[in-house]
Amino acid sequence: MLDSFMSYLGSSVTPGEANNQLWALIYVLIIFAGVSVAVMAMNWLERKALAHFQVRLGPMRVGPHGLLQPIADAVKLLIKEDIIPAESDKFVFWIAPIIGLLAAFTVYTVVPFGPSQAVSDMNIGILFMLGVSSLAVLGVVMAGWASNSHYPLIGALRSSAQMVSYEVAMGLAVVSAILMTSLHGAGLYGVSKLSDGTGTLSMIGIVQAQQEQQVWFLFKFFPLGLIAFVIFAIAMIAETNRAPFDLPEAESELTAGFHTEYSGLRWSLFMLAEYAAMIAVSAIAVTLWLGGWLRPFPTWLSGPAWDFIFALFPGLTFVGLAAIAFLGTVRMPKHSYFRVQTIGLAAFGAVLALIGVLLLGIVIGAKVSDHDILNRTTEGLSNVFWFVFKVAVFMYLYIWYRATWPRYRFDQLMKVGWKVMLPISLGVLIVTAIVGVLL
Amino acid sequence: MNAPTKTDPNALSNLDLETPEKTYLDSNELIINMGPQHPATHGVLRVILKLDGEKVLGTECVIGYLHRGVEKIAENRTYTMFNPYVDRMDYVAAVSNGLGYCQAVEKLLNVEAPPRANYIRVILTELNRIASHQLWLGTHALDIGAMTPLFYTFRDREEILKIFEKYCGARLTTHAFRIGGCLYETYAGFEKDVKNFLAFFPSKIGEYEELLTTNRIWLERTKKVGVISAADAIALGVTGPVLRASGVKWDIRKAQPYANYAEFDFEIPTGENGDTYDRYLVRIAEMRQSLRIIEQAVNGIPEGPIMAKVPKVIKPPVGEIYHSIEAPKGELGYFIVSDGSTQPYRVRVRPPSFVNLQALDVMVRGLLVADVVAVIGTLDIVLGEVDR
């Protein structure tokens with residue numbers, strides 16, 4: 001047991017590749033917990049950011065600046081009465097949210113947070129990811145059908161049509177990115193030293209291809225990579241049923257769409273699945289076009305000094321967040337009523353600062369002592385940080401879209417999907433292939 | 001189902017809608033119930049939709065969920081006592097309701113409100129028109145999926161409500177006017193508040209427009225949606241911005257000036273296509289015109305009494321009167337029959353929302369479910385007024 005625990009520590013591959021089930025399980029648990037926490041954080045952030053877009057304050061009462069609001073919500077949902085409509089198909093009604101949740105979480109097995117920071121490096125990683133994430137539509141359709149009610153049914157039908165049609169454009173955009181792994185043409189940054197013409201479907205392989213070609217696929221064959229990325233970025237919003245493509249749950253039309261009849265825990269499973277899916281598709285976009293765990297400007301700002309500065313970023317981010325929390329503490333009203341909240345916010349800031357200082361300590365320690373484990377930890381932290389940071393940018397964009405845009409109508413959505421996105425992504429794919437071979 | 005066709009002499013619409021042909025792929029029509037508890041029916045409107053997939057084949061409005069018998073109440077109240085009740089009809093434009101009722105009774109009594117009272121009335125009524133349009137814009141945009149305009153409009157509407165609150169103590173159901181004029185003199189700083197509002201609000205309209213007017217999705221959702229031709233609109237008795245967006249230049253403030261609207265210089269914004277987008281533009285333009293009117297009124301407000309000589313006990317002579325004003329939503333008319341006693345014999349209200357709602361069926365046939373929501377929003381109905 002201990003042997004198998006220790007044996008992995010020296011390796012530089014994923015637990016799946018090293019065939020180490022114990023570490024794979026540990027990674028699975030870390031990712032599951034991490035995604036759940038990320039969903040809760042996203043819940044809070046979305047409400048706060050959306051509120052500030054809309055000249056409101058958002059949650060302010062539960063904890064300092066509403067920090068404990070997601071926990072309060074989760075507790076509320078857990079203790080709510082579990083209602084299953086009498087006329088519903090009980091088994092399907094029961095299993096639908098679980099399918100949705102499973103589909104959303106299973107994809108994380110191949111999400112590469114770093115070259116070895118993933119559960120497994122499947123050689124068909126991207127196919128697996130797309131395949132499993134599209135299973136989510138099954139949960140939606142089953143929920144709508146099992147509810148045995150008109151609004152959920154319409155919501156589910158809309159949803160299935162939407163998800164299926166946008167998957168086509170999304171798939172073609174993905175293919176053009178995969179094509180780029182095998183084409184080491186001139187691009188923007190010159191010739192790569194990658195093995196000649198072998199592409200890869202592995203998520204880790206795709207990022208490594210970008211590393212070796214020294215170009216994020218976003219900028220490769222400019223503007224082809226960019227167009228494919230934009231296609232994917234639009235399709236992934238539709239795929240996750242978010243504004244402005246949130247037709248399946250269009251509140252003003254269908255009350256709540258496919259989950260109208262759901263409440264309490266089951267409803268929260270749908271929400272969890274939705275947010276997990278949002279993070280998952282953002283992870284795909286980051287992996288394929290934004291260089292995954294790679295830090296920005298690897299060629300322009302290269303050298304050990306810059307490496308060190310960029311390695312400081314994770315720690316500095318936490319210190320910065322802590323500074324914001326302390327600023328909030330100082331600005332808290334000086335009334336005894338707010339004393340508990342002020343102390344809570346200060347404690348929260350202190351925890352953040354502690355994490356930041358710890359991270360900075362590791363990085364500086366690695367720089368000073370050049371110890372192997374510290375070096376590897378620094379690298380791992382840096383990888384995970386940059387990956388999460390890029391995903392977080394997408395999360396913010398999701399909120400921004402929701403605050404800005406009205407909702408598309410069903411036929412317009414279909415028109416955009418089939419008549420605009422599909423031809424463009426097909427064209428990009430063909431042109432990418434031609435350009436890649438000619439250069 | 002009898003869909004109107006071009007050959008049908010009674011057809012209200014030129015929508016050429018044939019029932020789908022029967023094929024082996026033919027599916028059943030779906031009848032769903034929208035409301036009375038539904039987030040987008042603006043209260044307790046119930047619309048029964050007949051759908052073919054997502055396409056609307058027909059609608060039927062079921063109203064009355066907010067019926068309070070306002071017209072019947074009038075028969076058991078004196079003229080003065082009935083005045084606050086009218087505020088509860090169109091509760092987002094209570095000032096307009098009060099103005100219409102007070103002027104109708106004044107006409108019956110044959111008294112004229114003094115000039116200063118008229119100026120105060122015009123300022124408050126136009127402020128109320130802006131507030132009503134703001135509420136419409138926010139909820140309409142929310143129905144179409146844009147969340148943010150709602151909060152922007154409510155933030156700015158607050159400034160108007162503050163003026164109302166300072167003037168008469170109430171924010172929504174103001175009961176601002178009395179038969180014969182106004183009860184309250186303007187508070188100190190009233191003109192300053194109004195001028196402040198005039199100064200800051202135009203940029204706020206710009207903010208709303210920035211979010212919506214050229215937004216691609218907004219254009220796609222509103223252009224050519226819920227089209228009603230001028231002829232149809234007139235045939236259905238539609239009034240207000242909905243009629244004007246179809247290209248008919250009909251505004252009672254110009255056509256039959258009441259209060260002292262004849263003194264002010266303003267335009268009647270009209271649309272061309274009669275679609276949802278034009279109605280949006282017309283209402284936005286109306287907010288700007290209202291600002292113009294308020295500016296002229298607040299600069300030219302005369303000194304003098306605010307109440308005409310009205311007997312303590314109002315006993316109009318036997319007779320009947322119809323008086324209508326341009327409320328934010330359209331023509332608001334009061335038909336009052338007096339039998340010479342202290343109580344009206346009959347009061348009949350012609351609410352704009354109720355009449356405009358008739359056009360819903362014509363406007364949504366052949367469109368999709370999502371458009372029903374957009375069209376209900378664009379009609380700008382208030383159920384308190386529809387049901388009374």
Side-chain angles (χ1 to χ4, degrees), chain A residues 46-47 49-58 144 147-162 234 237-238 241-257 260 399-416 419-420, chain B residues 27 30-35 37-42 47-49 51 53-56 138-156 158 204 207 210-213 215-225 276 280 367-374 376-377:
Chain A
E46 174 159 30
R47 291 165 74 167
L50 205 57
H52 288 158
F53 274 116
Q54 297 170 344
V55 292
R56 302 182 280 130
L57 287 175
S147 299
N148 200 2
S149 166
H150 284 154
Y151 282 116
L153 182 64
I154 295 178
L157 291 180
R158 276 183 176 191
S159 186
S160 52
Q162 172 180 340
I234 296 172
I237 304 167
N241 297 330
R242 289 281 300 185
F245 304 106
D246 55 346
L247 304 172
E249 43 203 80
E251 194 193 353
S252 52
E253 297 151 28
L254 301 176
T255 54
T260 304
I399 302 171
W400 194 352
Y401 299 152
R402 192 172 165 203
T404 311
W405 283 328
R407 184 181 300 120
Y408 264 113
R409 202 173 61 202
F410 183 65
D411 59 327
Q412 292 162 348
L413 177 100
M414 285 293 157
K415 204 176 76 191
V416 171
K419 291 188 178 170
V420 181
Chain B
S27 51
L30 182 67
I31 292 184
I32 66 168
N33 197 17
M34 204 178 199
Q37 277 101 26
H38 188 279
T41 54
H42 290 231
V47 186
I48 300 170
L49 295 172
L51 300 178
E54 290 236 356
K55 201 165 121 189
V56 178
T139 50
H140 181 43
L142 186 66
D143 288 346
I144 295 186
M147 295 168 79
T148 310
L150 177 79
F151 295 96
Y152 287 6
T153 56
F154 269 60
R155 172 195 63 192
D156 304 331
E158 196 62 25
K204 300 296 172 189
E207 244 175 53
E210 204 173 318
L211 271 172
L212 298 173
T213 305
N215 186 322
R216 249 193 87 88
I217 303 177
W218 180 260
L219 290 174
E220 287 199 25
R221 282 301 304 274
T222 53
K223 279 210 161 173
K224 298 197 177 89
V225 168
T276 304
Y280 159 77
L367 302 180
L368 304 177
V369 182
D371 294 325
V372 177
V373 172
I376 292 175

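Throughout, a chain's letter reflects where its sequence line sits, starting with A, and its residues are numbered from 1.
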Check: With distance as the sole test, does A:Arg402 use its side chain to make a donor-acceptor pair with the main-chain N or O of B:Met147 at under 3.5 Å?
Finding: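 No; judged by distance alone, with no hydrogens or angles, the pair does not exist.
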
Notebook entry, point to check: Are any side-chain N or O atoms of B:Thr222 and backbone N or O atoms of B:Thr276, one a donor and one an acceptor, separated by less than 3.5 Å?
Noted result: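 Flag not set: sc B:Thr222 to bb B:Thr276 has no pair under 3.5 Å.
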
Note to self: Heavy-atom cut-off 4.5 Å, strictly under: side chain, backbone, both or neither for A:Arg56 against chain B?
What the structure shows: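 A:Arg56 touches chain B through side-chain heavy atoms alone.
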
Check: Relative to chain B, which segment of A:Leu50 carries a heavy atom at a distance below 4.5 Å: side chain, backbone, both, or neither?
Finding: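 Side chain only.
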
Check: So which of B:Leu212, B:Leu211, B:Leu368 has the biggest tally of heavy-atom pairs under 4.5 Å with chain A?
Finding: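 Option with the greatest count: B:Leu368.
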
Next item on the list: Select one option (side chain, backbone, both, neither) describing which atoms of B:Val225 are under 4.5 Å from chain A's heavy atoms.
Entry: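 The answer is the side chain of B:Val225.
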
Checklist line | Residues in salt bridge (Lys or Arg N to Asp or Glu O under 4.0 Å) contact with B:Glu210, at least two apart in sequence or another chain | finding: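 Salt bridge (Lys or Arg N to Asp or Glu O under 4.0 Å) check on B:Glu210 returns nothing, list empty.
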
Item checked: Shortest non-hydrogen contact between A:Gln162 and A:Met414, atoms and distance ->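 Looks like N-CE, 3.6 Å.
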
